[in-house]
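Read through the structure below, which is laid out as structure tokens, and then see the notes.
The model shown is predicted, which means the values in this text are computed figures rather than measured ones.
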Amino acid sequence: MKKLIAVMLAGTMTAAMVTGCGGSNETPADAPAETESAAENGAEAEGAADTEAAAETDEAEADAASDESDLAYVQGKGTLVVGITDFEPMDYKDENGNWIGFDADMASAFAESLGVSAEFVEIDWDNKIMELDGKTIDCVWNGMTLTDEVKSAMECSNAYCNNAQIVIVPADKADQYQDVDSLADLTFAVEAGSAGEAEVTALGLACTPVKAQSDALMEVAAGTSDAAVIDSLMAAAMVGEGTGYENLTYTVGLNSEEYGVGFRKGSDLAKALNEFFAASYADGTMVETAETYGVQAAVIEQ
């Protein structure tokens with residue numbers, strides 16, 4: 001009985017639907033247009049969804065890239081870009097235009113240990129932190145003094161060399177300038193943004209900032225500055241008998257300091273370099289490289 005009632009109800013509903021359509025089986029003239037419009041709207045919605053999905057994917061990839069470690073970043077692009085200045089015996093060019101020096105050779109060896117090549121870029125020393133944070137370079141490796149400013153702005157390696165800021169004067173006037181008090185009336189040439197500039201400024205002495213320490217030596221040799229303050233390691237290689245500045249000498253030591261390498265803040269490359277330093281000191285290659293450039297006495301045990 002229930003089945004019979006269900007069949008009768010189904011028949012009644014079918015008849016009502018036919019009657020509700022005006023008793024005609026013809027399709028309204030505008031039906032195809034409505035169907036086509038609906039299809040177009042569906043396609044547009046699907047396209048918009050695909051675009052949004054692609055944008056989300058790009059954003060996710062960008063986020064992943066920003067979270068990538070510095071080590072992975074350097075290995076991914078295949079180069080370690082090293083920010084330097086012309087600073088013998090740490091970084092300078094040979095007769096073929098290739099960068100050599102204690103720092104340059106060690107940087108090349110470190111890059112090789114990472115499976116990448118070293119690329120050297122001369123920078124304005126005063127802009128080293130900006131260059132580093134802007135990723136135009138990956139590290140600052142150029143006899144950089146580990147000052148409080150440097151250590152607060154960069155992720156620094158362990159110290160690897162001892163150094164000092166020393167006064168350079170013409171050799172024939174050296175006996176007049178043997179202590180800090182005797183320097184009061186001199187005008188100094190100093191590298192902008194350097195530890196030498198900081199020492200001269202702290203002493204209240206007059207100074208002219210120049211682009212590089214080598215330029216500071218040129219100023220004194222030319223007589224356009226009375227004196228210069230540069231790194232002791234550079235002075236040992238470039239000033240005095242048998243060098244290009246035989247008419248210059250060094251007198252007063254202003255401080256003692258240490259060199260380190262700087263990376264972007266939080267970079268895992270600093271840890272990798274410390275491990276490399278420890279290994280190269282242990283197997284003798286660090287000291288051997290230093291001997292090539294006459295700086296072995298300044299190397300710090302790792």
So, taking the atom named CD1 in Ile84 and the one named SG in Cys139, what distance separates them when rounded to the nearest 0.5 Å?
10.0 Å

Donor-acceptor pairs under 3.5 angstrom involving side-chain atoms of residues 106-115: please list them, not counting sequence neighbours.
| residue | atom | partner | partner atom | Å |
| --- | --- | --- | --- | --- |
| Ser108 | OG | Ala104 | O | 3.1 |
| Ser113 | OG | Phe110 | O | 2.5 |

Across all chains, not counting sequence neighbours, the side chain to side chain donor-acceptor pair (under 3.5 Å) partners of Asp283 are Thr285

Same hydrophobic cluster for Leu80 and Val261, using side-chain heavy-atom links shorter than 4.5 Å among ILVMFWY?
yes

Residues two or more places apart in sequence or in another chain: which of them pass ring-ring contact (aromatic ring centres under 6.0 Å, His included) with Tyr92?
none

Can you name the side chain to side chain donor-acceptor pair (under 3.5 Å) partners of Ser267, sequence neighbours left out?
Asp70

Point-to-point distance, once rounded to the nearest 0.5 Å, from CG of Leu269 to OG of Ser157:
11.5 Å

Under a single-linkage definition using a 4.5 Å side-chain heavy-atom cutoff for Ile, Leu, Val, Met, Phe, Trp and Tyr, are Leu248 and Val190 assigned to the same hydrophobic cluster?
no

Main-chain N/O of Tyr177 paired with Thr251 side-chain donor or acceptor, under 3.5 Å:
yes

Determine yes or no for a side-chain-to-main-chain donor-acceptor pair under 3.5 angstrom, with Thr79 supplying the side chain and Val81 the backbone.
no

Applying side-chain contact (heavy atoms from CB on, under 4.5 Å) to Val150 and Thr145, what does each step give before you reach the verdict?
CA-CA 8 Å; Val150 163; Thr145 302; over 6 Å; no

Expected output: side-chain Ser280 to main-chain Met286 donor-acceptor under 3.5 Å
no

Side-chain donor-acceptor contacts of residues 161-170 below 3.5 Å, not counting sequence neighbours, with atom names and distances?
| residue | atom | partner | partner atom | Å |
| --- | --- | --- | --- | --- |
| Asn163 | OD1 | Ser232 | N | 3.1 |
| Asn163 | OD1 | Ser232 | OG | 3.0 |
| Asn163 | OD1 | Leu233 | N | 3.3 |
| Asn163 | OD1 | Tyr259 | OH | 3.3 |
| Asn163 | ND2 | Asp231 | OD2 | 3.1 |
| Asn163 | ND2 | Glu257 | OE2 | 2.7 |
| Asn163 | ND2 | Tyr259 | OH | 3.3 |
| Gln165 | OE1 | Gly196 | N | 3.3 |
| Gln165 | NE2 | Asp231 | OD1 | 3.0 |
| Gln165 | NE2 | Glu257 | OE2 | 2.6 |

Any chance the side chains of Ser69 and Asp268 put a donor and an acceptor closer than 3.5 Å?
yes

Within the side chain of Lys265, is there an N or O that forms a donor-acceptor pair under 3.5 Å with the backbone of Met154?
yes

Between Tyr293 (side chain) and Gly101 (backbone), is there a donor-acceptor pair under 3.5 Å?
yes

Salt bridge (Lys or Arg N to Asp or Glu O under 4.0 Å) with Glu275: which residues, sequence neighbours excluded?
Lys271

Which residues satisfy the side chain to side chain donor-acceptor pair (under 3.5 Å) test with Glu155, sequence neighbours excluded?
none

Enclosure of Asp185 CG (heavy-atom neighbours >12, cutoff 6.0 Å)
no

Between Asp138 and Arg264, is any pair of side-chain heavy atoms under 4.5 Å apart?
yes

Drop me the distance from Asn274's CG to Cys156's SG, to the nearest 0.5 angstrom.
10.0 Å

Does Asp103 have any salt bridge (Lys or Arg N to Asp or Glu O under 4.0 Å) partners at least two apart in sequence or in another chain, and if so, which?
none

Where do Ala227 and Leu186 come nearest, in terms of heavy atoms and distance?
CB-CD1, 4.1 Å

Who passes side chain to side chain donor-acceptor pair (under 3.5 Å) against Thr187, sequence neighbours left out?
none

Taking the side chain as everything from C-beta on, heavy atoms only, tell me whether Leu254 gets closer than 4.5 Å to Leu203.
yes

Can you confirm whether Asn98 is buried at CG, in the sense that more than 12 heavy atoms of other residues, nucleotides or ligands lie under 6.0 Å from that atom?
yes

Is the number of heavy atoms from other residues, nucleotides or ligands within 6.0 Å of NZ (Lys173) greater than 12?
no

Check the hydrophobic clustering (I, L, V, M, F, W, Y; side-chain heavy atoms under 4.5 Å; chains of links allowed) and say if Val116 and Trp99 are grouped together.
yes

Result block: side-chain N/O donor-acceptor pairs under 3.5 angstrom for residues 121-130, not counting sequence neighbours:
| residue | atom | partner | partner atom | Å |
| --- | --- | --- | --- | --- |
| Asp124 | OD1 | Asp126 | N | 3.0 |
| Lys128 | NZ | Trp125 | O | 3.3 |
| Lys128 | NZ | Gly193 | O | 3.3 |

Indicate yes or no: at least one non-hydrogen side-chain atom of Asp105 is less than 4.5 angstrom from one of Ile100.
yes

Polar side-chain atom of Gln302 near backbone of Ile300 as donor-acceptor pair, under 3.5 Å:
yes

Are Phe277 and Val295 in one and the same hydrophobic cluster, where Ile, Leu, Val, Met, Phe, Trp and Tyr link if side-chain heavy atoms are under 4.5 Å apart?
yes

Can you confirm whether Leu273 sits close enough to Trp141 that some side-chain heavy atom of one is under 4.5 Å from a side-chain heavy atom of the other?
yes

Can you tell me how far apart NZ (Lys93) and CD (Glu95) are? Round to the nearest 0.5 Å.
13.0 Å

Are Val220 and Phe188 connected into the same hydrophobic cluster when the rule is that any two of I, L, V, M, F, W, Y join if their side-chain heavy atoms are below 4.5 Å apart?
no

If every non-hydrogen atom of Ala189 is compared with every non-hydrogen atom of Glu219, which pair is closest and at what distance?
CB-CB, 3.8 Å

Pairs meeting criterion side chain to side chain donor-acceptor pair (under 3.5 Å) with involvement of residues 191-206, two or more places apart:
Glu199-Asn255

Does Thr249 reach the main-chain N or O of Ala171 with its side chain, forming a donor-acceptor pair under 3.5 Å?
no

Is the shortest heavy-atom distance from the side chain of Thr289 to the side chain of Phe102 under 4.5 Å?
yes

Salt bridge (Lys or Arg N to Asp or Glu O under 4.0 Å) partners for Lys151, two or more places apart
none

Are any non-hydrogen side-chain atoms of Glu291 and Val287 less than 4.5 angstrom apart?
yes

Rounded to the nearest 0.5 Å, what's the gap from CG on Asp215 to CD1 on Ile230? Could you check?
11.5 Å

Working to the nearest 0.5 Å, report the span between CD of Gln213 and CE of Met90.
10.5 Å

Just checking Glu149: does its CD atom have more than 12 heavy atoms from other residues, nucleotides or ligands closer to it than 6.0 angstrom?
no

